Protein chains: 2
Amino acid sequence: MNERAVILDAETKVAERPADHEAELRLWLRLLTCTTLIEGEIRSRLRDTFDVTLPRFDLMAQLDKAPTGMTLGELSKRMMVSNGNVTGLVERLAALNLLERKPSPTDRRAQIVSLTAEGRRTFRAMARTHESWIAEIFAGLARGDIDQLMALLAKTKMSARAAVHGEAA
Amino acid sequence: MNERAVILDAETKVAERPADHEAELRLWLRLLTCTTLIEGEIRSRLRDTFDVTLPRFDLMAQLDKAPTGMTLGELSKRMMVSNGNVTGLVERLAALNLLERKPSPTDRRAQIVSLTAEGRRTFRAMARTHESWIAEIFAGLARGDIDQLMALLAKTKMSARAAVHGEAA
DNA sequence: CGTAAAAATTTTAAGCTTAAAATATTTCAG
DNA sequence: CTGAAATATTTTAAGCTTAAAATTTTTACG
């Protein structure tokens, strides 16, 4: 007759009540809102100030951390995006002389991608400004807040990873 | 000669040292990683289980909260996406009979969008499962963790909003 | 060696997303 | 009332993103 008020039969092992997880849902929405807000602001400033997209900036950031370059697959894994996505981004950045592709000496299927001198110079300049934007955006948090958030997000990441990979405990 | 070791001229009012904001930068990357991880999992489950995309689910969620419907502009604002984006999403959902568009009785420029009966039924079913996924993903957090995170993210959102709108304090 | 499975990458098709320009309508000052 | 500014929406062009299929090369088993 109705959905939630039924007194469950004694046979029922685990009560099948809706078990509302409102708190988790609200947390997820807030997390998403925060990230979307900040990401949008960074995206907008990158475009207006440096005429670059966030995915391109992210890709260059990965390469900047790997002086000897890395394969497309490695890039894909670190950026958490699909292989085909990286193919296109690398294509466009290469056309701008910001990075170069060289065949892997050990595997003819793979390519090694690395920043050009110009790419490195360009990225470093953008990164400096980017860091100051991040500082500005998080300026309302005290040092202790940041530490607490870091710890809680680490816990969140572990929890999410457990759900993403096998449900296995 | 070098970038950061120069002893600054006595005239220099505020030292222009890099003032590294490494902590904020790491926090931002962790926030982004968490959100990307969870969002990807939800996206994947929505596709596999209900053959629906996350943007469509989000749009339907907004409409479900507004029984009398809302305009495209209102939807755009609440979803934090562009107007043109909403136009396309609504187009595709309308083609599936999940929502309907009616001209606003008071403004001939605007349309009122609302879920159809089928759309509402479909959304409610998906939402129930979606909530259980979220609970699963955040299962590793204790109740206290959730409350702390909520509070810290509220603070983060306020800080970000201050940076997004006028720098004005 | 020969071949089947695995791995790295690209291609394809579809959909999402945005900024900017264009269109249509409303509001409001004079 | 009239025209200018504001508002709601759509269109356009470009780029991002994914999943799935296709291609090329490597690995490894027998």
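Because only heavy atoms are used, hydrogens play no part in the values below, and waters and symmetry mates are left out as well, while side chains stay in. Predicted model, so just to flag it, every value in this text is computed and none were measured.
For the atom pair CG of N85(B) and CE of M80(B), the computed distance is 12.5 Å after rounding to the nearest 0.5 Å. In this structure, the separation between CD on E118(B) and CG on L99(B) is 10.5 Å, given to the nearest 0.5 Å. Note that the CG atom of L153(B) and the CE atom of M158(B) stand 12.0 Å from one another [nearest 0.5 Å].
A straight line from CG of D58(A) to C1' of dG15(D) spans 15 Å, rounded to a whole angstrom. Taking atom CD1 of residue I112(B) and atom C1' of nucleotide dA8(D), one finds them 11 Å apart after rounding to whole Å. One interatomic measurement links the two molecules: CG of L93(B) to C1' of dC16(C), which rounds to 13 Å at whole-angstrom precision. The separation between K102(A) atom NZ and dA8(C) atom P is 20 Å, rounded to whole Å. In this structure, the CD atom of E39(B) is 13 Å from the P atom of dC16(C), given to the nearest Å. Rounded to whole angstrom, the span from the CG atom of L59(A) across to the C1' atom of dG15(D) amounts to 14 Å. When the P atom of dT25(C) is taken as reference, atom CG of L72(B) falls 16 Å away, rounded to whole Å. In this structure, the CG atom of D51(A) is 13 Å from the P atom of dA19(C), given to the nearest Å.
Contacts between residues 73-91 of chain B and DNA chain D, defined by a heavy-atom separation under 4.0 Å, are made by G73(B), N83(B), G84(B), T87(B).
Residues T71(A) and S44(A) both approach DNA chain C. Their nearest nucleotides, taken by heavy-atom distance, put T71(A) toward the 5′ side. Nearer the 5' end of DNA chain D, as judged by each residue's closest nucleotide, is the contact made by T53(A), out of R108(A) and T53(A).
Of the N and O atoms on the side chains of N83(B) and S76(B), at least one donor lies less than 3.5 Å from an acceptor on the other residue.
Checked against dT17(C), dT25(D), dT9(C), the side chain of D107(A) finds its nearest nucleotide in dT25(D). Looking at the side chain of Q111(B), the nearest of the listed nucleotides dT10(D), dT26(C), dT9(C) is dT10(D).
Across all strands shown, R92(B) has heavy atoms under 4.0 Å from sugar-phosphate atoms exclusively, and none from any base.
Here R56(A) reaches the OP1 or OP2 of dC16(D): one of its side-chain N or O atoms lies under 4.0 Å away. Taking 4.0 angstrom as the limit, R47(B) places a side-chain polar atom (N or O) nearer than this to OP1 or OP2 of dA19(D). Remark: S104(A) is not in phosphate contact with dA8(C), judged by side-chain N or O atoms under 4.0 Å from OP1 or OP2.
Taking the six-membered ring for Trp, F57(A) and F50(A) have ring centres at least 6.0 Å apart.
Interface remark: the R109(A) side chain does form a donor-acceptor pair with the dA7(C) base, using a distance-only criterion of under 3.5 Å.
More than 12 non-hydrogen atoms from other residues, nucleotides or ligands lie less than 6.0 angstrom from CG of D48(A).
In the hydrophobic clustering of this structure, F138(A) groups with L152(B); members are Ile, Leu, Val, Met, Phe, Trp, Tyr whose side-chain heavy atoms approach within less than 4.5 Å, directly or through other members.
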